[in-house]
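Since the structure comes first, as structure tokens, the remarks are kept for the end.
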Amino acid sequence: MRYRYYFCDKCESELVDFLNKNNISYKVSGEDSFLPLVIFNLWSTTENLNYYFEELQKMNVNSPIMIAEFSASELSNAKLLVMTPKKQCIDILNDDAYEYTCKWTNSSGEIISKHEEQKELFVIKKEPSSNSQTAFWAESTGFSEIFTDYRVYELANSNSLTGIDFKNVILKNRDFSKHIYQMSSKNKLNNQCIVFGYGEKRQVCEICGKEQYFIDNAYQLHLDFDKIQTHSDLYVTERIFGEGIAYPLYIISQRFYQLLKKHKLVGGVTFSPIVEANNPTETNQRTAL
Ligand SMILES: [Zn+2]
């Protein structure tokens with residue numbers, strides 16, 4: 001695993017000179033606009049990384065976004081992986097499909113609702129047009145729900161994958177979509193299976209005290225595998241991750257991952273290997289910048 005540090009800042013000549021001098025490749029976005037931006041990456045494996053960080057800090061360059069990147073063998077050796085769709089291209093029309101346990105009006109008169117539970121099937125505006133993507137998220141539900149292409153549904157059925165529930169998605173004309181399914185699981189991993197302390201920022205609900213954890217692109221889920229009672233090809237955590245709408249993480253087995261790969265169904269999805277937290281040699285403690 002390595003970290004990618006994604007930088008995006010005002011295109012100042014001092015910074016561009018520094019990047020040129022050190023052979024760091026970059027691109028300029030909005031060159032003709034009033035605020036051109038310079039975009040570049042460094043990696044935790046980059047030589048002289050600390051020197052670069054110091055110099056960039058002296059130039060007051062914005063802090064980078066940190067993203068964990070995994071090698072093919074790391075992905076193929078993990079027992080379990082978190083699966084996250086990259087693309088948002090589903091519009092849900094019935095937001096009332098959810099019921100909330102906490103709802104209040106904040107000081108600016110905004111209604112805040114939290115801890116949703118799905119009560120009805122989702123109705124969507126239209127099916128995604130691209131068929132190179134495997135899984136999708138929706139604007140109004142964020143990562144809370146995961147929608148998959150029908151080929152994932154067929155793959156799971158023909159290989160007798162366990163623990164996966166595919167729910168129908170309803171189109172505007174009230175027919176069930178033949179292209180899109182909502183993927184979920186009754187195999188809930190409770191919070192006791194999760195080993196916290198690997199970069200989550202904890203928040204507490206103002207009303208009920210329920211905990212929520214903000215995670216970023218560098219986060220890797222750590223699980224105590226001994227506490228997982230069942231064997232399944234899909235698990236979901238409780239809805240405890242994220243700022244705003246809390247979402248669960250969708251966890252797939254290595255077997256499911258291999259099948260997706262074999263059938264070229266990994267487009268538009270990111271995978272993150274889960275770390276077995278019982279074994280300290282396998283943990284990846286995050287390096288602070
Ligand atoms: Zn609450």
Side-chain angles (χ1 to χ4, degrees), residues 65-66 68 80-86 88 90-124 135-148 163-167 169-170 182-224 227-230 232 234-252 270 272 274-275 277 286:
I65 295 173
M66 208 171 148
L80 298 170
L81 303 103
V82 173
M83 173 176 177
T84 314
K86 286 185 199 166
Q88 184 278 107
I90 305 274
D91 281 316
I92 290 174
L93 299 174
N94 58 332
D95 288 335
D96 54 359
Y98 279 144
E99 239 176 41
Y100 299 91
T101 49
C102 275
K103 217 166 183 177
W104 74 96
T105 309
N106 71 9
S107 51
S108 7
E110 217 183 327
I111 296 170
I112 311 285
S113 10
K114 278 193 168 183
H115 326 314
E116 70 278 17
E117 205 181 310
Q118 189 182 348
K119 292 290 169 197
E120 288 169 31
L121 296 179
F122 288 116
V123 182
I124 63 164
F136 316 91
W137 53 282
E139 189 179 6
S140 57
T141 59
F143 293 132
S144 299
E145 317 303 339
I146 185 166
F147 298 91
T148 63
I164 313 179
D165 292 326
F166 287 98
K167 291 183 193 161
V169 170
I170 302 172
Q182 184 189 350
M183 188 173 82
S184 64
S185 178
K186 289 195 182 71
N187 283 318
K188 288 249 157 62
L189 276 193
N190 69 36
N191 294 354
Q192 272 74 51
C193 301
I194 301 173
V195 183
F196 292 99
Y198 290 92
E200 323 85 4
K201 287 191 195 113
R202 185 171 157 272
Q203 291 175 326
V204 175
C205 173
E206 294 173 42
I207 303 289
C208 70
K210 198 174 159 162
E211 290 174 335
Q212 199 168 320
Y213 298 87
F214 175 64
I215 53 174
D216 60 17
N217 292 318
Y219 180 71
Q220 244 189 313
L221 182 64
H222 288 61
L223 291 181
D224 184 342
K227 291 193 178 145
I228 303 174
Q229 301 294 328
T230 50
S232 175
L234 180 70
Y235 303 92
V236 290
T237 68
E238 292 186 38
R239 294 170 182 268
I240 54 165
F241 292 99
E243 279 179 308
I245 304 175
Y247 55 86
L249 295 178
Y250 290 82
I251 296 168
I252 64 165
T270 56
S272 163
I274 291 173
V275 182
R286 284 173 67 162

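For ligands, and for the atoms within them, numbers begin at 1 and follow the listed sequence. Residue numbers start at 1 and run along the sequence shown.
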### Pairwise distance CG(D165) to CG(N187) - rounded to 0.5 angstrom
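It comes to 8.5 Å.
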
### Query
If you measure from CD1 on I146 to CG on L234, what distance do you get to the nearest 0.5 Å?
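So the CD1 of I146 and the CG of L234 are separated by 8.0 Å.
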
### Message
Using the side chain to side chain contact (heavy atoms under 4.5 Å, CB included) criterion, which residues pair with S272? Sequence neighbours excluded.
### Response
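Testing S272 for side chain to side chain contact (heavy atoms under 4.5 Å, CB included), a comparison that skips the adjacent residues, returns F70, V82, Q220.
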
### Query
Less than 4.0 Å between a side-chain N and a carboxylate O, is that true for K167 and E120?
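No, no charged N to carboxylate O under 4.0 Å.
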
#### Entry: Residues in side-chain hydrogen bond (donor to acceptor under 3.5 Å, both in side chains) contact with E211, at least two apart in sequence or another chain
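Testing E211 for side-chain hydrogen bond (donor to acceptor under 3.5 Å, both in side chains), a comparison that skips the adjacent residues, returns R202, Y213.
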
### Query
How many protein N, O or S atoms sit closer than 2.8 Å to the Zn ion (ligand 1)?
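Near the Zn ion (ligand 1), the number of protein N, O or S atoms below 2.8 Å is 4.
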
### Query
With D91, which residues qualify under salt bridge (Lys or Arg N to Asp or Glu O under 4.0 Å), at least two apart?
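Testing D91 for salt bridge (Lys or Arg N to Asp or Glu O under 4.0 Å), a comparison that skips the adjacent residues, returns none.
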
